K.L.:
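After the structure tokens below, expect a handful of questions from me.
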Amino acid sequence: GESVGLHLPTLSVQEGDNSIINCAYSNSASDYFIWYKQESGKGPQFIIDIRSNMDKRQGQRVTVLLNKTVKHLSLQIAATQPGDSAVYFCAEILVDSSYKLIFGSGTRLLVRP
Amino acid sequence: DAGVTQSPTHLIKTRGQHVTLRCSPISGHKSVSWYQQVLGQGPQFIFQYYEKEERGRGNFPDRFSARQFPNYSSELNVNALLLGDSALYLCASSLDLATIYFGEGSWLTVV
């Protein structure tokens with residue numbers, strides 16, 4: 001995923017609705033994927049991860065889906081709350097000699113009260 | 001338990017100067033990585049260290065260097081600062097190399 005620079009895609013949802021944030025990753029050999037939430041002025045916060053041998057993983061109010069055929073990840077947030085407003089990044093890890101994260105372009109989630 | 005801690009949180013440097021950023025990983029974590037995040041973009045990998053050895057290096061010039069100490073803390077050094085080095089520098093630590101947690105970052109402004 002290449003960065004889109006200063007203009008981030010934005011998803012606007014009503015409080016209480018479900019949110020779906022999508023991400024395309026770049027390397028079909030990637031072993032591991034992580035979703036991060038980044039609030040303004042803060043570092044990325046770990047949300048949920050999934051290994052390449054899985055296609056779905058659920059956490060508290062969040063679900064990650066992995067489609068390796070089309071190299072696509074999604075993050076579903078149930079009953080979206082105002083505190084969910086942030087920029088969301090997906091990241092992939094290709095395990096070679098290092099475990100470096102390759103970040104996709106972020107999506108800004110805005111929750112309308 | 002303390003998370004990943006970084007210092008300083010904000011700093012301003014002049015072009016040509018050098019800077020040292022510091023990071024303490026989560027207790028028990030042996031791997032530390034450094035990332036650069038410019039405004040509006042995702043973080044870009046700079047270095048990873050595990051057990052005091054460099055395990056990976058991103059596409060950054062030799063002006064960037066890092067090291068990891070016996071207590072697993074780490075320093076990122078940048079020499080001959082350029083305006084384009086202005087960014088949020090993030091440190092991340094991990095226990096099993098895969099579950100990676102970030103600190104709040106050090107905001108560097110080069111003027």
Side-chain angles (χ1 to χ4, degrees), chain A residues 1-10 21-27 30-54 57 59 64 73 75 86-108, chain B residues 2-7 9-10 21 23-26 29-51 53-60 66 68 84 87-109:
Chain A
E2 293 184 356
S3 169
V4 294
L6 290 175
H7 176 69
L8 288 172
T10 299
I21 301 171
N22 296 303
C23 175
Y25 63 91
S26 57
N27 196 320
S30 290
D31 301 287
Y32 188 67
F33 304 88
I34 307 177
W35 279 99
Y36 287 94
K37 170 187 179 184
Q38 189 171 28
E39 297 175 275
S40 182
K42 295 188 175 182
Q45 176 188 353
F46 179 98
I47 302 174
I48 191 168
D49 58 7
I50 187 168
R51 296 193 180 275
S52 60
N53 60 354
M54 304 169 66
R57 191 168 187 215
V64 56
L73 273 171
L75 177 70
V87 176
Y88 289 80
F89 290 99
C90 69
E92 58 186 301
I93 298 178
L94 174 63
V95 178
D96 43 32
S97 59
S98 70
Y99 284 66
K100 66 180 179 185
L101 288 164
I102 301 170
F103 283 81
S105 54
T107 297
R108 188 181 308 279
Chain B
V4 179
T5 57
Q6 293 186 243
S7 64
T9 55
H10 295 78
L21 307 177
C23 171
S24 293
I26 293 171
H29 287 196
K30 298 180 179 180
S31 175
V32 169
S33 301
W34 288 94
Y35 291 77
Q36 180 197 65
Q37 187 176 24
V38 299
L39 190 64
Q41 298 183 16
Q44 299 290 317
F45 175 78
I46 310 176
F47 286 108
Q48 186 198 36
Y49 279 79
Y50 179 71
E51 288 280 14
E53 291 188 2
E54 183 181 301
R55 283 293 189 93
R57 184 185 181 111
N59 188 24
F60 280 81
Q68 187 177 31
L88 176 65
Y89 287 86
L90 294 161
C91 176
S93 80
S94 59
L95 176 63
D96 57 6
L97 295 177
T99 309
I100 300 172
Y101 297 93
F102 285 87
E104 298 293 15
S106 293
W107 289 93
L108 172 65
T109 301

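Chain A is the first sequence line, chain B the second, and so forth, proteins listed ahead of strands; every chain is numbered from 1. As the structure is a prediction and not an experimental result, all values here were calculated from the model.
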K.L.:
Show the nearest heavy-atom pair for residues K42(A) and L88(B), with the distance to one decimal.
P.N.:
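Closest approach of K42(A) to L88(B), heavy atoms only: O-CD2, 4.3 Å.
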K.L.:
Donor-acceptor check, side chain of Y36(A) to backbone of F102(B), threshold 3.5 angstrom: yes or no?
P.N.:
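Checked: no pair found.
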K.L.:
Could you report the tightest heavy-atom contact between F89(A) and Q41(B), atom names first, then the distance?
P.N.:
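It is CZ-O, 3.8 Å.
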K.L.:
For Y35(B) versus L101(A), what's the shortest heavy-atom pair and its separation?
P.N.:
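Smallest heavy-atom distance, with atoms named: OH-N, 2.8 Å.
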K.L.:
Which bit of F47(B) is near chain A, if near means a heavy-atom gap under 4.5 Å: side chain, backbone, both or neither?
P.N.:
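Neither part, no heavy atoms under 4.5 Å.
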K.L.:
Within the supplied structure, the quantity of interest is the number of heavy atoms (other residues, nucleotides, ligands) at a distance under 6.0 Å from N53(A) CG; does it exceed 12?
P.N.:
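Result for CG/N53(A): enclosed.
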K.L.:
Say you draw a straight line from OG of S94(B) to CD1 of I93(A); how long is it, rounded to the nearest 0.5 Å?
P.N.:
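Reported value, rounded in 0.5 Å steps: 8.0 Å.
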K.L.:
So for atom CD, which belongs to E51(B), do other residues, nucleotides or ligands contribute more than 12 heavy atoms lying within a distance under 6.0 Å?
P.N.:
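Enclosed.
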K.L.:
Does any heavy atom of chain A fall under 4.5 Å from the side chain of Q37(B), the backbone, both, or neither of them?
P.N.:
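Looking at Q37(B), just its side chain touches chain A.
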K.L.:
Does any backbone or side-chain atom of Q45(A) lie under 4.5 Å from a heavy atom of chain B? Answer side chain, backbone, both or neither.
P.N.:
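Neither part, no heavy atoms under 4.5 Å.
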K.L.:
Could you tell me how the ring of Y101(B) sits relative to the ring of F46(A): parallel (under 30°), tilted (30 to 60°) or perpendicular (over 60°)?
P.N.:
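Tilted.
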K.L.:
How far apart are the closest heavy atoms of G43(A) and L90(B), and which atoms are they?
P.N.:
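Closest approach of G43(A) to L90(B), heavy atoms only: CA-CD2, 3.9 Å.
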